[in-house]
2 protein chains.
Amino acid sequence: MAGRRAAGNTSLTREDLADAALRLLEREGPKGLTMRKVAAEVGVQAASLYWHVQNKEELLDLAADALWEGYSPLPPGLVAAPDEWRGCLATAARRLRAHLLAHTAAVRVLAGRFAPGARALGPLEETFGMLRRLGFGPAETALGAYTVVIWVQGFVLHEAVPMSAAEERGATPAEAVEEARERLAALPAERYPHLVALAGELTGPDMDSRFEFGLGLLLDGLGVLREAGAV
Amino acid sequence: MAGRRAAGNTSLTREDLADAALRLLEREGPKGLTMRKVAAEVGVQAASLYWHVQNKEELLDLAADALWEGYSPLPPGLVAAPDEWRGCLATAARRLRAHLLAHTAAVRVLAGRFAPGARALGPLEETFGMLRRLGFGPAETALGAYTVVIWVQGFVLHEAVPMSAAEERGATPAEAVEEARERLAALPAERYPHLVALAGELTGPDMDSRFEFGLGLLLDGLGVLREAGAV
DNA sequence: ACCTGAACACCGTTCAAGT
DNA sequence: ACCTGAACACCGTTCAAGT
């Protein structure tokens, strides 16, 4: 009924399934991703999927790879100059966050999965090339990229999850944050003195500020490494 | 049949359910956590759970809180001295990683959830108290803790997921890593020059080394902040 | 206040059978 | 080589009914 196969009757590929899964995830959220719905999305019966894929786990791995379709760490055409390593890395990290934020439902379901396929390899190659061109050595390139990417993914994962039951049912993010602040401030001060005192600081900064703070920390750390001549 | 309620016939609490969910997660893995099994674990019918809890989501939030039972950022009795801020923070981060690694199944299912209840508040209070005692200001305490905790959680999430389909079916972690290295090295070098060249660096370091590298980066970043007098 | 029984609308997966 | 139909053993959740 629905389906990708109406026009151009070429047969189904595993990438078609991955794309369908990703589309479903964005359209219906985490629990919209079922084998039966993916099958319907590509115009086939649920049982047919098992010809292309061993089980749902494998389909999720394919979807995790498909998530990187069209991603590039730096804006196309921008060259990575060694004397601007800080700005380059910051741009790359911000682009990574933006890309993941554009797929929050997928991030929630696929978080932690690492199954690089054809779509993820390009961005990986590009990222490492950028770091080497910025003057990082092989070891620092591998470990530094791992650290930053893990942090950004963890950051977006928390960013993507509604902050509380309050936000779940209608409250705006701003209202939910305010509610959280009040809950903290209302805690018994003799038992939780720091939580009460820090209520404002803990709930105040928006996600952009938090991101920039963490990014600054990591870049400063990499700067120390560079000055130590270890790069 | 099974159940916590045989001895001491006090009635069921929400915390009992959270504990049962966590136990199930560790005993049977992510897909062992079903409402029916949680019910059986506490000796009750599935439908009864909905008296205590609105739905499975809420139970997962309770479980995420229960995960912090018995956790403390510093070894009990160890005081946080300002001139050893680096060692204290490193110890705290390593303890956090160890605690999460002891609950890998839970980390996989509950990742990203932030619903602090009675069990999580204590550790949070302790953590912030430690940072303040180490001489960090309110803003740096809030933002610094957020950054480090997010990073550790993201790190463990990746650490907790089997690295590939290879590891899934019997291969030891070491074999899986070696397989990954070979796959990278076998890539077409003209298309993925950096991935091929970095194959060793990317798969070489074990998780402990990666953790210490990232931790070093963050601590160096915090050190820069301190020297800048912003603390 | 707390729990049960039975039902509803779904799941993932298998397998013989079709073409 | 690729897909279907039908079935199996499950799910989460609701709701009237019990005590």
Side-chain angles (χ1 to χ4, degrees), chain A residues 1-22 24-25 27-64 105 108-110 113 165 168-169, chain B residues 1-22 24-25 27-64 105 108-110 113 165 168-169:
Chain A
M1 197 107 291
R4 284 271 126 166
R5 283 153 83 238
N9 208 6
T10 59
S11 73
L12 219 47
T13 69
R14 285 152 60 91
E15 291 187 349
D16 290 337
L17 300 190
D19 293 342
L22 221 43
L24 228 32
L25 223 33
R27 195 193 310 149
E28 308 192 13
K31 68 187 150 201
L33 179 43
T34 75
M35 295 303 266
R36 289 168 141 97
K37 285 184 180 174
V38 170
E41 177 80 9
V42 297
V44 107
Q45 292 304 113
S48 313
L49 298 187
Y50 292 84
W51 175 261
H52 302 274
V53 123
Q54 211 159 19
N55 49 33
K56 192 179 182 181
E57 275 296 295
E58 193 182 329
L59 178 56
L60 291 181
D61 277 346
L62 294 178
R108 252 144 84 181
V109 172
L110 306 175
R113 241 164 244 276
E168 195 88 333
R169 31 167 184 132
Chain B
M1 200 109 286
R4 284 273 126 166
R5 283 153 83 237
N9 208 5
T10 59
S11 74
L12 219 47
T13 69
R14 284 152 60 90
E15 289 187 350
D16 291 338
L17 299 189
D19 292 342
L22 222 42
L24 229 32
L25 222 32
R27 194 193 310 148
E28 308 191 12
K31 67 186 151 205
L33 178 45
T34 74
M35 296 301 268
R36 288 168 142 97
K37 286 184 179 174
V38 170
E41 177 80 10
V42 297
V44 105
Q45 292 304 114
S48 312
L49 298 187
Y50 293 86
W51 176 261
H52 303 274
V53 121
Q54 210 158 22
N55 48 34
K56 192 178 181 181
E57 276 295 295
E58 192 181 331
L59 178 56
L60 291 181
D61 279 346
L62 294 179
R108 252 143 85 183
V109 173
L110 306 175
R113 241 164 246 274
E168 196 86 333
R169 34 172 180 132

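The sequence lines fix the lettering, A, B, ..., with proteins before strands; numbering per chain opens at 1.
Between B/His52 and B/Glu58, the closest side-chain pair of non-hydrogen atoms is not below 4.5 Å. Contact of the A/Arg108 side chain with the A/Leu25 side chain is not registered, since no non-hydrogen atoms from C-beta on lie closer than 4.5 Å. Residues A/Lys37 and A/Lys31 have side chains not in contact (no heavy-atom distance under 4.5 Å, counting atoms from C-beta outward). Side-chain contact between A/Val38 and A/Leu49 is present, with at least one heavy-atom pair separated by less than 4.5 Å.
Annotation for B/Ala105 and B/Gly29: closest pair CB-CA, 4.4 Å, computed over non-hydrogen atoms. The two atoms that bring A/Leu33 and A/Lys56 nearest to each other are O-NZ, 3.1 Å, heavy atoms only. Contact detail for B/Leu24 and B/Gly32: the closest heavy-atom pair is CG-O, 3.6 Å.
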(message) Output the pairing pattern of DNA chain D as a dot-bracket string, 5' first, Watson-Crick or G-U wobble with both distances under 3.5 Å, | for cross-strand pairs, [ ] for crossing pairs.
(response) ||.|||||...|||||.||
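Atoms NE2 (B/His52) and P (C/dC2) sit 7 Å apart, rounded to a whole Å. Computed from coordinates, the B/Lys56 NZ to D/dT14 P distance equals 14 Å when rounded to whole Å. If you take OH of A/Tyr50 and C1' of C/dC15, they are 13 Å apart, rounded to a whole angstrom. A straight line from CG of B/Leu17 to P of D/dG12 spans 14 Å, rounded to a whole angstrom. The distance between atom CD of A/Glu28 and atom C1' of C/dC11, rounded to the nearest whole Å, is 14 Å. Between B/Leu12 atom CG and C/dC2 atom C1' there is a gap of 10 Å when expressed in whole angstrom units. Look at CG on A/Asn55: it is 17 Å from P on C/dC11, rounded to the nearest Å. We find that CG of B/Leu33 is positioned 17 Å from P of D/dC10, with the value rounded to whole Å.
At least one donor-acceptor pair under 3.5 Å links the side chain of B/Asp16 to the backbone N or O of B/Thr13.
Under 4.0 angstrom from either OP1 or OP2 of C/dC3 there lies no side-chain N or O belonging to B/Trp51.
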Under-3.5 Å N/O pairs linking protein and nucleotides 4-7 of chain C:
unit_1: C/dT4; atom_1: OP2; unit_2: B/Gln45; atom_2: N; d: 2.6
unit_1: C/dT4; atom_1: OP2; unit_2: B/Ser48; atom_2: OG; d: 2.6

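Residue contacts for B/Lys31: at a heavy-atom cut-off of 4.0 Å it reaches no nucleic acid atom on any strand shown.
Atom CD of A/Glu28 has more than 12 neighbouring heavy atoms from other residues, nucleotides or ligands inside a 6.0 Å radius.
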